[in-house]
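Report on one structure; see the data block that follows.
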Amino acid sequence: RDQPRSRGLGDVYKRQVLNNSDMYEQMLDVLKEYDKDVISINYDNSYAETSGRGVYKILSKSHQKALPLNMYGDGMKKAVLLMSAAIAAKDGVLLIDEFETAIHTSAMDRTFAWVIEMCKKLNVQVFLTSHSKEAIDKLLKCSPQNTSSMAVYTLSKRDDKTVVRRLDGYLSLIHISEPTRPRLIS
C-alpha cells in the first residue's frame with residue numbers, strides 16, 4: 001500500500017503562496033532584490049518522478065524561459081528557503097542557524113523584513129543565530145513595528161564561564177555596538 005508523502009516546502013509553496021496573491025507579490029518583491037527582472041516563481045512537479053521532488057522555477061525578463069532556482073545565486077536560493085520555511089512553520093517554531101549566510105547586505109533588509117513580518121502573521125516563533133553584528137542590526141531595524149517582540153541574547157566568556165545577556169529588541173539597537181558578540185535572537 002502507498003505511504004502518504006510528507007509535506008515538502010514545494011507543496012507548502014503551492015498551497016499557501018500560489019493561493020494568496022498578496023503573499024505571492026511580496027515574495028516576488030523580495031526576489032527582485034536578487035534579480036530585478038524576476039516576473040514569476042512557480043513550483044514544477046514534473047521532476048518529482050525522477051528526483052523525488054519538484055523544482056522551483058523562476059521566470060525573468062533576462063532569460064527566454066523559466067530557469068530552475070539552482071541556476072541562480074546562493075542568495076536567491078537562501079531567500080526562497082527562508083521564505084518557504086517561514087510559511088511551512090505556521091503556528092510553530094522556526095530555527096535557523098547563521099540566517100544571513102549567502103544573503104548580500106543590500107538584500108538583507110527586504111528579505112529579513114518579509115520573514116519577520118510573515119512569521120508574525122503566521123504565528124511562528126523564530127530563533128535565529130548569527131555571529132554577524134551587521135546582520136543582527138539589520139534584522140532589528142528592518143521591521144520597526146516588530147522590534148518590541150524581539151530579544152537578543154549574547155554569549156560571552158568571563159572567568160572561564162559563559163555569560164548570557166538578554167536584551168529586548170529596542171535595547172539591542174542601543175547596545176549592538178558593545179564588544180560582546182550577539183548569538184541568539186528570538
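When reading the values below, keep in mind they use all heavy atoms of this one structure, side chains included, and skip hydrogens, waters and symmetry mates. A quick note: this is a predicted structure, and the numbers were derived from the prediction, not measured.
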Requested in this report: Start with the C-alpha gap between M83 and L31, add the side-chain angles, then the distance that decides, and say whether side-chain contact (heavy atoms from CB on, under 4.5 Å) holds.
Outcome: CA-CA 10 Å; M83 292 186 291; L31 295 180; 3.8 Å; yes

Side chains of residues 115-123: which donor-acceptor pairs under 3.5 Å do they make with residues two or more places apart or in other chains?
from	atom 1	to	atom 2	distance (Å)
E117	OE2	S143	OG	3.1
E117	OE2	Q145	NE2	3.1
N123	ND2	D91	OD1	3.2

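- Within a 6.0 Å sphere centred on NZ of K32, other residues, nucleotides and ligands contribute more than 12 heavy atoms.
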Query raised in the report: Can you check side-chain contact (heavy atoms from CB on, under 4.5 Å) on N42 and Y56, steps first, answer last?
Result: CA-CA 6 Å; N42 284 297; Y56 284 104; over 6 Å; no

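- Between Y24 and S40, the closest side-chain pair of non-hydrogen atoms falls below 4.5 Å.
- For the pair F127/L94, no side-chain contact is recorded, criterion being any heavy-atom separation below 4.5 Å from C-beta on.
- With hydrogens and angles left out, the side-chain atoms of D37 and S60 include no donor and acceptor closer than 3.5 Å.
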**Report entry** Check against salt bridge (charged side-chain N to carboxylate O under 4.0 Å, His left out), K133 and D137
**Finding:** CA-CA 6 Å; K133 286 184 181 184; D137 187 47; over 6 Å; no

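- Counting only N and O atoms by type, the side chains of T101 and K78 include a donor and acceptor under 3.5 Å apart.
- Taking CG of D29 as the start and CH2 of W114 as the end, the distance is 11.5 Å to the nearest 0.5 Å.
- Atom OG of S84 sits about 9.0 Å away from atom OH of Y43, to the nearest 0.5 Å.
- Hydrophobic cluster membership for V163: none, as no Ile, Leu, Val, Met, Phe, Trp or Tyr side chain comes under 4.5 Å of it.
- When hydrophobic clusters are built by joining Ile, Leu, Val, Met, Phe, Trp and Tyr residues whose side-chain heavy atoms come closer than 4.5 Å, directly or via intermediates, Y170 is not grouped with V152.
- With hydrogens and angles disregarded, no donor-acceptor distance shorter than 3.5 Å links the side chain of T111 to the backbone of M108.
- The shortest non-hydrogen separation linking V124 to V93 is CG1-C, 4.4 Å.
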Report task. Mind running side-chain contact (heavy atoms from CB on, under 4.5 Å) on E25 and D22 for me, showing each step along the way? Result -> CA-CA 5 Å; E25 289 297 322; D22 288 339; 5.9 Å; no

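- Shortest non-hydrogen contact noted between L59 and A66 is CD1-N, 3.7 Å.
- Surrounding NZ of K77 are more than 12 heavy atoms belonging to other residues, nucleotides or ligands, all under 6.0 Å away.
- Here the closest non-hydrogen pair linking S130 and E100 is OG-OE1, 3.0 Å.
- Checking side-chain atoms of T129 against main-chain N and O of E98 turns up a donor-acceptor pair under 3.5 Å.
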Requested in this report: Start with the C-alpha distance between K138 and E134, add both sets of side-chain angles, then the distance that settles side-chain contact (heavy atoms from CB on, under 4.5 Å), and finish with yes or no.
Outcome: CA-CA 6 Å; K138 284 185 171 284; E134 179 183 29; 4.1 Å; yes

